[in-house]
Amino acid sequence: MATQTYDLYIDGEWVKTENYIPVYHKFTGATIAQIAKAEQHHVNAAVEAAHKKFKRDSLTPFQRYKILLKASELMEERRDEMELSLIREVGKTRKDAMNELDRTINTLRLSAEEAKRIHGEMVPLQSTEGSENRLGFTIRVPKGVIGAITPFNYPLLLSTHKIAPAIAAGNTIVVKPATVTPIATFLLVAVLEEAGLPKGHINIVTGAGSQVGEWLLDEPKIAMYTFTGSGEVGRHIKERSGMRPVALELGNNSPNIVHLDADLELAARQTAARSFHNAGQACIAVQRIYVHESVLQEFTDLYVSEVQKLKVGNPEDPDTDVGPMISEKEAARTEEWVLEAISQGAKSLMPVKREGALFYPAVMVDTKPEMKVVCREVFAPVVTIIPYSDLDEAFAEANNSEYGLQAGIFTRDLHIAMKAARVLEYGGVVINDVSTYRNDVMPYGGIKNSGLGKEGPRYAVEEMTDERMVVINL
């Protein structure tokens, strides 16, 4: 497989740099690409190009709609190329890559529709004495240049969740993809430009986040930042952004409650299927499973039997369920956390096994709340099963986290389901399905240290536009 070189992409032109960074096949370790390492003047140029494009070359809402819809069609036509790229640069299984493509195409379509729906509202100024001759209404206008920083785990989908709504809203973009998985963003931009997006609307700068991200934060012409990644970096972006708005999609430590009246087969099947997809490297992946003690053994047996069916190995094999983690370093870190928990009294119901970047699913029991595998975001194929006797106790334990992105609960009782919706301190509560459920049309975002703002095309468009009041004196 030939190694491809990706230069910086600024104002529709490829820009070479002095240094390049290798991108590796996450299963074989082979070099599959090299990307340019940006310097500060490159970032300056990218932002300036995006700002000039925003000022000079606006697209009508219908033009944005047509471009995004055409891009969804082109993405469908290139499915094999896109899926294979994700398998190689991320380590996704074919099943996970297919799912990411499906959702990416849907997100492009949803964003296309939202481009036509941007509107304000009438404001009844005439209801106030002295303003009888005033007509008031609002309009929504694009913010300008959007600075987007995307993560490694869903590089195509989560880039699309930032770029497509930004285009729908009428903005221009400077995007910095994750250094270990940048190829998806280049492929996405190529599809958008083939669909009719004028060159210069999207600019790509690559390099270490600690450098390129800082330079982006120094740019006064960036009107808004949108970031998916760690809580530590998210807090830094919020501190540095000043008065400019930010949308932050950060970490999570997803709790899932299995109550005594739950459909245990459904709960076991759903949690097992979604605990380890993308090698557990998803913000809303199942991590903590709280199970009522009266059904603990039955659920655990069902769950483990489902996990044992999972095939771990080469992500290019269509039968593989769990592929490699993003790096051997992360797999070794995961192994260290699991072994530390075992040394502190926990047990794993599955053999603890690592082969390079492959970490086999671990199902932990007899854990304590202070163990890293329980209280931290493990971001790996590791799950803990924790018994409870009282539902309020389970709610309290689920809420005992610095994170608040999504949670799940399995119950047949509508009153319990609605209590969970009110009591669980999360941006999303999923009933009779796992915390991992995300439909790209819904408002997705957390509270506490899980971030600020909402994604989902309709909600992202609102984040990426300003509401402007218009008053006419008649």
Side-chain angles (χ1 to χ4, degrees), residues 90 92-93 95-96 99-100 102-104 106-107 150-162 178 226-231 234 247-258 267 269-290 321-322 325-326 330 334 361 373-386 397-410 420-421 424-456 459-460:
V90 189
K92 286 182 180 288
T93 64
K95 299 171 186 176
D96 287 340
N99 177 259
E100 183 163 352
D102 288 341
R103 291 181 57 192
T104 299
N106 189 42
T107 301
T150 61
F152 74 80
N153 57 336
Y154 286 84
L156 184 60
L157 176 63
L158 296 185
S159 290
T160 303
H161 263 291
K162 299 180 187 308
T226 174
F227 168 78
T228 299
S230 72
L248 304 174
E249 296 296 335
L250 310 177
N252 196 37
N253 179 348
S254 298
N256 290 260
I257 298 171
V258 180
R269 184 171 62 251
Q270 293 293 88
T271 51
R274 306 306 290 171
S275 298
F276 309 108
H277 79 288
N278 205 36
Q281 298 168 124
C283 294
I284 48 178
V286 176
Q287 183 172 336
R288 296 176 287 157
I289 308 177
Y290 293 96
D321 299 294
V322 182
M325 295 184 65
I326 196 64
E330 281 300 299
T334 302
V373 295
V374 178
C375 69
R376 301 270 292 275
E377 182 183 26
V378 68
F379 218 65
V382 178
V383 166
T384 59
I385 297 178
I386 305 166
E397 286 299 311
N399 288 336
N400 184 24
S401 172
E402 64 180 294
Y403 299 112
L405 188 48
Q406 288 198 169
I409 183 170
F410 290 84
L424 289 173
E425 298 166 354
Y426 289 82
V429 177
V430 185
I431 314 296
N432 287 326
D433 206 340
V434 288
S435 58
T436 322
Y437 178 82
R438 180 182 179 184
N439 187 317
D440 297 289
V441 73
M442 71 191 208
Y444 175 77
I447 60 174
K448 297 189 281 190
N449 286 344
S450 286
L452 297 167
K454 298 289 185 181
E455 285 191 347
Y459 308 94

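Here the structure is a predicted model, which means the values were calculated and not measured.
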Item to check | Taking every non-hydrogen atom, the tightest pair across Ser254 and Gln406 | outcome: OG-O, 3.7 Å
Next on the checklist: As an exercise, state the distance from OG1 of Thr93 to NE2 of His277, rounded to the nearest 0.5 Å.
Outcome noted: 9.5 Å
Checklist outcome for this item: With sequence neighbours left out, the residues meeting side-chain hydrogen bond (donor to acceptor under 3.5 Å, both in side chains) with Asn399 are none
Checklist entry - Donor-acceptor pair, Gln287 side chain versus Arg376 backbone, under 3.5 Å? => result yes
Next on the checklist: To the nearest 0.5 Å, what is the distance between CG on Leu405 and CG on Asn449?
Outcome noted: 12.0 Å
Item to check | Side-chain heavy-atom pair Asn278, Lys92 within 4.5 angstrom cut-off | outcome: yes
Checklist entry - From Phe410 CZ over to Ile289 CD1, what is the distance, rounded to the nearest 0.5 angstrom? => result 8.5 Å
Next on the checklist: Quick one, Ile409 and Ile431 - any side-chain contact, counting heavy atoms below 4.5 Å?
Outcome noted: yes
Next on the checklist: Which heavy atom of Ala398 sits nearest to which heavy atom of Ser401, and what is that distance?
Outcome noted: O-CB, 4.3 Å
Checklist entry - Does Val382 have any side chain to side chain contact (heavy atoms under 4.5 Å, CB included) partners at least two apart in sequence or in another chain, and if so, which? => result Thr334, Val338, Phe359, Ala362, Met364, Val373, Val378, Ala380
Next on the checklist: Tell me whether Glu100 contacts the main-chain N or O of Leu157 through its side chain, where contact means a donor paired with an acceptor under 3.5 Å.
Outcome noted: yes
Item to check | Positive for side chain to side chain contact (heavy atoms under 4.5 Å, CB included) with Ser435, one of Ile257, Val430, Val286 | outcome: Val286
Next on the checklist: If the test is side-chain hydrogen bond (donor to acceptor under 3.5 Å, both in side chains), which one of Asn432, Asp433, Asn256 qualifies with Gln270?
Outcome noted: Asp433
Checklist entry - What pairs meet the salt bridge (charged side-chain N to carboxylate O under 4.0 Å, His left out) rule with one or both residues in residues 441-454, with sequence neighbours excluded? => result Glu425-Lys448
Item to check | Qualifying residues under side-chain hydrogen bond (donor to acceptor under 3.5 Å, both in side chains), relative to Tyr444, sequence neighbours excluded | outcome: none
Checklist entry - Closest approach of Pro151 and Leu158, non-hydrogen atoms and distance? => result CG-CD1, 3.5 Å
Checklist entry - Got a sec, which residues hit side-chain hydrogen bond (donor to acceptor under 3.5 Å, both in side chains) with Thr384, two or more places apart in sequence or on another chain? => result none
Checklist entry - Just by distance, do the side chain of Asp440 and the backbone of Asn106 share a donor-acceptor pair under 3.5 Å? => result no
Item to check | Sidechain-backbone polar pair: Asn153 side chain, Gln281 backbone, donor-acceptor under 3.5 Å | outcome: yes
Next on the checklist: I'd like to check the side chain to side chain contact (heavy atoms under 4.5 Å, CB included) partners of Leu452; sequence neighbours left out, ordered by chain and number.
Outcome noted: Lys238, Val246, Leu248
Next on the checklist: Tell me every residue that passes salt bridge (Lys or Arg N to Asp or Glu O under 4.0 Å) with Glu455, counting only those two or more places apart in sequence or in another chain.
Outcome noted: Lys162, Arg438
Checklist outcome for this item: Sequence neighbours excluded, the answer for side chain to side chain contact (heavy atoms under 4.5 Å, CB included) partners of Asn99 is Arg103
Checklist outcome for this item: The side-chain hydrogen bond (donor to acceptor under 3.5 Å, both in side chains) partners of Thr104 (sequence neighbours excluded) come to none
Next on the checklist: Please check: side-chain N/O of Glu377 versus main-chain N/O of Asn252, any donor-acceptor pairing under 3.5 Å?
Outcome noted: yes
Checklist entry - Can you tell me how far the CG atom of Asp96 sits from the OH atom of Tyr154, to the nearest 0.5 Å? => result 6.0 Å
Item to check | Counterpart residues, salt bridge (Lys or Arg N to Asp or Glu O under 4.0 Å), relative to Asp102 (two or more places apart) | outcome: Arg79
Next on the checklist: Is the ring pair Phe379/Phe152 parallel, tilted or perpendicular, if the boundaries are 30 and 60 degrees?
Outcome noted: perpendicular
Item to check | Nearest heavy-atom neighbours spanning Val322 and Ala279 | outcome: CG1-CA, 4.3 Å
Checklist entry - Does Ala273 have any side chain to side chain contact (heavy atoms under 4.5 Å, CB included) partners at least two apart in sequence or in another chain, and if so, which? => result none
Item to check | Minimal non-hydrogen separation, Ala285 against Thr436, with atom names | outcome: CA-OG1, 3.8 Å
Checklist entry - Between Ser450 (side chain) and Leu250 (backbone), is there a donor-acceptor pair under 3.5 Å? => result no
Checklist entry - Is there a side-chain contact between Cys283 and Tyr403 (heavy atoms, below 4.5 Å)? => result no
Item to check | Under the salt bridge (Lys or Arg N to Asp or Glu O under 4.0 Å) test, residues paired with Glu397 that sit two or more places apart | outcome: none
Checklist entry - Do the side chain of Tyr426 and the main chain of Pro255 share a donor and acceptor less than 3.5 angstrom apart? => result no
